[in-house]
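To start, the structure itself, in structure tokens.
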Number of protein chains: 4
Amino acid sequence: MSGSQERPLRADAARNRARLLDVATEVFTTRGVDVPTEEIARAAGVGVGTLFRHFPTKEALLAAVMVRRLEAIAAGTAELAAGADPAEAFFDCFRLVVDRSAGKNEFTQALAAAGVDVHASLQESTAAIRDRLAGLLAGAQRAGAVRADLGLPELLALLVGTGTTMEQLRDDPAARERIYEVVFDGLRPR
Amino acid sequence: MSGSQERPLRADAARNRARLLDVATEVFTTRGVDVPTEEIARAAGVGVGTLFRHFPTKEALLAAVMVRRLEAIAAGTAELAAGADPAEAFFDCFRLVVDRSAGKNEFTQALAAAGVDVHASLQESTAAIRDRLAGLLAGAQRAGAVRADLGLPELLALLVGTGTTMEQLRDDPAARERIYEVVFDGLRPR
Amino acid sequence: MSGSQERPLRADAARNRARLLDVATEVFTTRGVDVPTEEIARAAGVGVGTLFRHFPTKEALLAAVMVRRLEAIAAGTAELAAGADPAEAFFDCFRLVVDRSAGKNEFTQALAAAGVDVHASLQESTAAIRDRLAGLLAGAQRAGAVRADLGLPELLALLVGTGTTMEQLRDDPAARERIYEVVFDGLRPR
Amino acid sequence: MSGSQERPLRADAARNRARLLDVATEVFTTRGVDVPTEEIARAAGVGVGTLFRHFPTKEALLAAVMVRRLEAIAAGTAELAAGADPAEAFFDCFRLVVDRSAGKNEFTQALAAAGVDVHASLQESTAAIRDRLAGLLAGAQRAGAVRADLGLPELLALLVGTGTTMEQLRDDPAARERIYEVVFDGLRPR
DNA sequence: CATGAATGAGTATTCATTCAT
DNA sequence: GATGAATGAATACTCATTCAT
């Protein structure tokens with residue numbers, strides 16, 4: 001399934017790659033994508049050359065960060081989707097996607113752009129998530145837990161938007177919980 | 001109304017300023033804030049020098065654009081707030097804020113940052129809107145049209161987030177309408 | 001004939017442009033094209049930004065340098081070609097082209113590459129020179145001053161090669177003169 | 001013959017060294033000296049480390065390539081010089097040098113720089129060729145086959161220049177032949 | 001010995017801002 | 001006031017060379 005040939009990667013190289021991804025995730029998430037590559041490299045304790053050896057362009061680094069997050073989300077939803085109750089599965093996944101997407105927006109939005117102009121490397125992961133969400137939505141609607149007139153595009157948009165909402169309430173968990181109540185209530189059939 | 005001392009401004013200067021604001025609004029909204037100043041100036045039919053005479057930094061230009069939008073929003077909410085029914089006033093204002101905030105997100109979000117790290121020049125306008133929204137929220141809650149446990153921060157966050165949601169559905173008015181139904185439903189007490 | 005619209009250019013801007021061209025000509029000619037743009041800018045007494053305002057890429061600067069040289073050569077050959085004796089005109093032009101093409105080779109060769117992969121901006125100038133040389137060659141052959149079996153490609157190649165030869169003898173004018181004798185003798189019919 | 005102390009070199013090491021030289025020759029000749037070392041190493045099927053073990057700097061690799069070519073040329077001229085007729089020997093050697101020097105110019109020119117600023121490692125080979133050419137020239141002049149007023153520097157310069165001329169006519173053997181006629185005719189006394 | 005990962009100085013180019021015209 | 005030329009710090013990316021595995 002995975003197209004690219006990868007040799008095992010030496011221990012130190014793997015460590016550097018991982019650190020770069022970690023640092024980049026942190027940095028892109030909290031400060032946006034305009035952070036200089038040099039700073040990312042420095043924060044990861046490597047030279048710029050190393051960064052560019054692992055990720056040939058800044059965009060590739062960004063894509064790699066995204067892929068990792070998306071895959072984590074995909075894995076999470078897969079697990080939740082296995083649960084018995086469709087309604088519960090749906091709402092739990094909604095939370096999971098929103099919670100795991102936290103961060104600077106420009107960055108998060110790639111999720112919804114799915115299938116359009118997204119970098120090829122993201123296609124696979126976003127498609128997987130989209131499919132899963134489509135399934136969950138249908139299930140929840142069949143179970144009567146979600147308004148029947150809602151399509152996948154609206155759901156995706158709502159996920160992104162709710163992410164933004166939550167971002168504003170970073171420091172107030174109680175308020176975030178109230179937002180979930182509002183949104184989930186709104187999603188249920190009247 | 002405006003706090004600072006301004007001399008009248010010659011007719012052509014005023015015209016240039018206005019064109020710059022119009023162009024900048026259009027450009028920042030549709031293409032984000034990374035557009036070069038030079039391009040904005042050219043689109044406005046003036047030299048960069050003129051742009052910088054009117055707005056000492058790019059950030060100042062951005063702030064001015066924001067202020068104008070915020071004032072328009074403030075004016076709109078003022079009008080709506082005058083209407084009789086608190087519930088209707090509240091929901092109409094919610095729509096108005098979201099609709100008028102449309103555009104590249106990074107840009108829009110300044111709204112919710114209200115009172116925190118926003119550029120000083122925005123304080124006044126955002127404060128006005130915040131106060132108005134606080135009033136409307138209280139009114140709607142008193143009227144039993146909105147859940148009582150919702151605070152102003154949640155409302156502001158929701159406004160921003162809904163703006164983002166809508167941005168994803170730019171081209172699908174029906175879907176946008178469904179989103180409003182979801183959010184408004186969610187806002188009502190169970 | 002000249003396609004591009006150019007406004008007069010302010011006095012200082014024109015001066016800077018000229019200085020940049022002069023410096024670049026000198027530098028590219030003596031040290032090759034790998035000299036950093038910053039160094040050229042510094043030598044011309046301007047900032048890098050100015051260099052890039054006048055010439056959007058380093059390649060464009062190189063092209064501009066070439067064009068100027070080629071146009072000077074074209075003008076020179078035009079004058080010489082007007083002279084009465086075809087044989088004299090031909091040999092004088094040969095000298096002129098070689099002498100004026102002096103410098104790092106990679107650079108000079110553009111002449112012969114004419115019509116192939118040369119930067120568009122050079123096409124016009126090289127074409128002009130080529131045409132002129134074709135005419136001179138034909139004339140000299142008609143006058144019996146040059147072997148009849150020689151085509152334009154050989155002439156062009158010989159011009160470039162002779163330039164290289166001369167470059168090796170930069171500091172020995174007498175030797176250079178002897179080279180001209182050799183080449184010119186060789187060009188005459190046996 | 002080789003001045004420096006070298007231990008025998010293991011079989012595989014020798015093979016690697018040879019492949020590197022072959023690849024580098026090909027690559028420098030056809031694409032110039034700006035090709036990255038990494039690419040040369042890859043083309044030779046070894047890691048960069050290996051390249052740098054055999055040749056401490058890129059320049060050293062370039063020098064080694066040159067030396068090998070120069071030694072081949074020297075060997076060739078030695079053979080030809082042994083022939084009876086001095087005139088024939090001279091002209092045959094001229095051809096041989098030019099033909100064997102083919103390739104990107106910047107690279108070839110090192111030949112003529114002989115004795116001046118050339119890398120120390122080339123001194124020996126260039127000196128050998130120079131001496132041989134000096135001998136051939138003197139012989140041909142004594143035999144009345146070449147103008148008496150021509151010195152070794154002119155000959156060397158002419159060799160390089162003719163190489164450049166030929167490079168322009170890479171694909172036209174007939175034209176190349178005509179160039180040889182021109183140059184050889186020019187070299188003969190009037 | 002061979003490998004290829006790591007390094008970091010170096011390079012072209014952009015862009016907010018200043019200032020001479 | 002308006003203009004747009006000049007400025008130079010900043011930034012992504014490359015590549016010869018070193019060194020841990």
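Note on naming: letters A, B, ... go to the chains in the order of the sequence lines (proteins, then strands), and numbering restarts at 1 for each one. These numbers come from the heavy atoms of this one structure, side chains and all, not from hydrogens, waters or symmetry mates.
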Each nucleotide in nucleotides 13-21 of chain E should get exactly one letter: B, S or -. Can you fill that in based on protein heavy atoms under 4.0 Å? BBSSBB---
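- Residues satisfying the side-chain contact (heavy atoms from CB on, under 4.5 Å) criterion with D/Phe55, sequence neighbours excluded, are D/Arg17, D/Leu20, D/Leu21, D/Ala60, D/Leu61, D/Ala64.
- Applying the side-chain hydrogen bond (donor to acceptor under 3.5 Å, both in side chains) criterion to A/Glu71, with sequence neighbours excluded, gives no partner residue.
- Ion pairing between a basic and an acidic side chain is recognised when a charged N comes within 4.0 Å of a carboxylate O; B/Arg68 and B/Asp22 show such pairing.
- When the nucleotides E/dA5, F/dA6, E/dA6 are ranked by their closest atom to the side chain of C/Asn16, F/dA6 comes out on top.
- Mapping A/Val46 and D/Gly47 onto DNA chain E by nearest heavy atom places D/Gly47 at the nucleotide closer to the 5' end.
- At whole-Å resolution of the value, CG in D/Leu62 and P in F/dA16 are 12 Å apart.
- Distances shorter than 4.0 Å separate some side-chain N or O of A/Arg53 from OP1 or OP2 on E/dA5.
- Each of F/dA5, F/dA6, E/dC1 was ranked by its minimum atom distance to the side chain of C/His54; first place goes to F/dA6.
- Checking F/dT7, E/dA6, E/dA2 against every side-chain atom of C/Thr50, the shortest atom distance belongs to F/dT7.
- Nucleotide F/dT21 is matched to E/dA2 when pairs are restricted to Watson-Crick or G-U wobble geometry with both distances under 3.5 angstrom.
- The nearest whole Å value for the distance from the CZ atom in C/Arg19 to the C1' atom in F/dA6 is 14 Å.
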